[in-house]
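Comments concern the structure below.
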Amino acid sequence: MEHAVETLSGRRILFVMAARAEYGEKLRARIRPVMTGVGPIEAALNTGIALKVLEAAGEPPDLVVSLGSAGSRVLEQGEVYQVASVSWRDIDASPLGFTKGVTPFLDHPVETPLPIPVDGVPAARLSTGSDIVTGIRYDAIDAEMVDMETFAVLRACQRFAVPLIGLRGISDGAADLHHYDDWATLLHVIDARLAAAIDRLEAAIAAGASFSPG
C-alpha cells in the first residue's frame, strides 16, 4: 500500500488526493496520501477501501483530510481555503418530490458543514460534482468553489464515523479552461501553500483543535 497514515501531534491523519499532478515537491516531503482518482465515484470507492483496510487492521485514523485543487470565479487564484461546507450538485431527484441536492432515502442536508480548525487559512463553501465547471455555469452553483471529490470522500468518512476536513487550492475559474495546462499552471503554487496549510493544521492539533463542524 503506497499511502500512509501520518501522525501529527499525536493524532492519526489520513490524507486523500485525486491526482498525482496535484502532489508536488512540498507535499511529497510531508505526506503519503491515498490517490483516489478523479471524480466522485473513484473518490468514494478508494477512500472507502482505505478506511475499511485501516479499520480491519485496528488502526482507524482520527481524521481524514481531503486536499487538492478546486475551481472558483470569485476566490483568489492560487490561494488555499478550508472547506466550510460541502454539497453535491449532481444529485437531483426533485421530479419525485425530493429536495435537489439530497440523495433519496438518505438523511443528509443539501449542505454539510465541515470543521475549519486551521487558523490563518480562510474558509469557503464547496460544491462537488462530476463535471469540470467553466464560464457561466458557475452562476448556477450555490458555493464559492467547486471540485469533483470532497462530497464523495465525506460520504465514505461518514460510513466509518471519521471526521473530515477539506483544504483546496484554487487552480482555475478566472478564465475558461480549454486545455490541461490551463488547470495545471498554478499547481506548483498550490502545492507549496497546501504544504504550509498542513503545517498550520499540525500546530492547530497541538493546540487542541476540535474536529466538530464549525
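Not measured: the values here are computed from a predicted model.
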Is any side-chain heavy atom of [Y] closer than 4.5 Å to one of [X]?
X	Y	value
Val64	Leu51	yes
Ser127	Val86	no
Thr128	Leu154	no
Ser171	Ile190	yes
Leu164	Pro115	no
Leu67	Ile198	yes
Asp147	Leu126	yes
Val65	Val16	no

Taking [X] for its side chain and [Y] for its backbone only, find out whether a donor-acceptor pair lies under 3.5 Å.
X	Y	value
Arg11	Leu63	no
Tyr23	Ile31	yes
Asp90	Gly129	no
Gln82	Val118	yes
Glu149	Ser66	no
Glu111	Ser87	no
His188	Gly24	no
Asp92	Ser94	yes
Arg125	Asp142	yes

Carboxylate-amine/guanidinium contact Arg168 Glu144, below 4.0 Å: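 The answer is no: the pair does not qualify as a salt bridge.
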Arg28 with Asp191: basic N within carboxylate O range, under 4.0 Å: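 No salt bridge links Arg28 with Asp191.
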Pairs touching residues 93-103 that satisfy salt bridge (charged side-chain N to carboxylate O under 4.0 Å, His left out), sequence neighbours left out: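 Output for this query is empty, none listed.
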Selection residues 34-45 - residue pairs positive for side-chain hydrogen bond (donor to acceptor under 3.5 Å, both in side chains), sequence neighbours left out: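 Listed once each, the pairs would be none.
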Distance, nearest 0.5 Å, that separates [atom1] of [X] from [atom2] of [Y]:
X	Y	atom1	atom2	answer
Thr47	Lys52	OG1	NZ	15.5 Å
Arg200	Leu167	CZ	CG	11.5 Å
Tyr138	Ser72	OH	OG	6.5 Å
Leu201	Leu8	CG	CG	6.0 Å
Phe151	Thr103	CZ	OG1	5.0 Å
Arg155	Trp88	CZ	CH2	9.0 Å

Stepwise side-chain contact (heavy atoms from CB on, under 4.5 Å) test for Leu14 and Val34: CA-CA 8 Å; Leu14 181 68; Val34 174; 3.8 Å; yes
Residues, nucleotides or ligands: over 12 heavy atoms within 6.0 Å of Ile49 CD1: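 Correct, the count exceeds 12.
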Neighbour count >12 (heavy atoms, 6.0 Å) for atom CZ, Arg159: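 Open.
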All side chain to side chain contact (heavy atoms under 4.5 Å, CB included) counterparts of Ala192, not counting sequence neighbours: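 Once residues adjacent in sequence are excluded, the partners of Ala192 under the side chain to side chain contact (heavy atoms under 4.5 Å, CB included) criterion are Lys26.
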Pair Met17-Leu27, side-chain contact (heavy atoms from CB on, under 4.5 Å): steps then yes or no: CA-CA 11 Å; Met17 301 186 73; Leu27 287 174; 3.8 Å; yes
Hydrophobic cluster identity match, Ile41 and Val38, side-chain contacts under 4.5 Å: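 Different clusters: Ile41 never reaches Val38 through Ile, Leu, Val, Met, Phe, Trp or Tyr contacts under 4.5 Å.
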Connected via hydrophobic side-chain network under 4.5 Å: Ile91 and Leu96: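 No.
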Donor-acceptor side-chain pairing of Ser130 and Arg89 below 3.5 angstrom: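 Distance-only check fails for Ser130 and Arg89.
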Distance-only side-chain donor-acceptor flag, Ser69 / Glu22, under 3.5 Å: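 Yes, a side-chain donor-acceptor pair sits under 3.5 Å.
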side-chain contact (heavy atoms from CB on, under 4.5 Å) evaluation trace for Ile165 with Val83: CA-CA 7 Å; Ile165 70 168; Val83 178; over 6 Å; no
Measure across [X] and [Y] and return the closest heavy-atom pair with its distance rounded to 0.1 Å.
X	Y	answer
Pro117	Ala204	O-CB, 3.5 Å
Ala21	Leu187	O-CD1, 3.4 Å
Ala156	Ala44	CB-O, 4.1 Å

Worked verdict on Tyr81 versus Ile170 for side-chain contact (heavy atoms from CB on, under 4.5 Å): CA-CA 8 Å; Tyr81 295 83; Ile170 306 304; 3.7 Å; yes
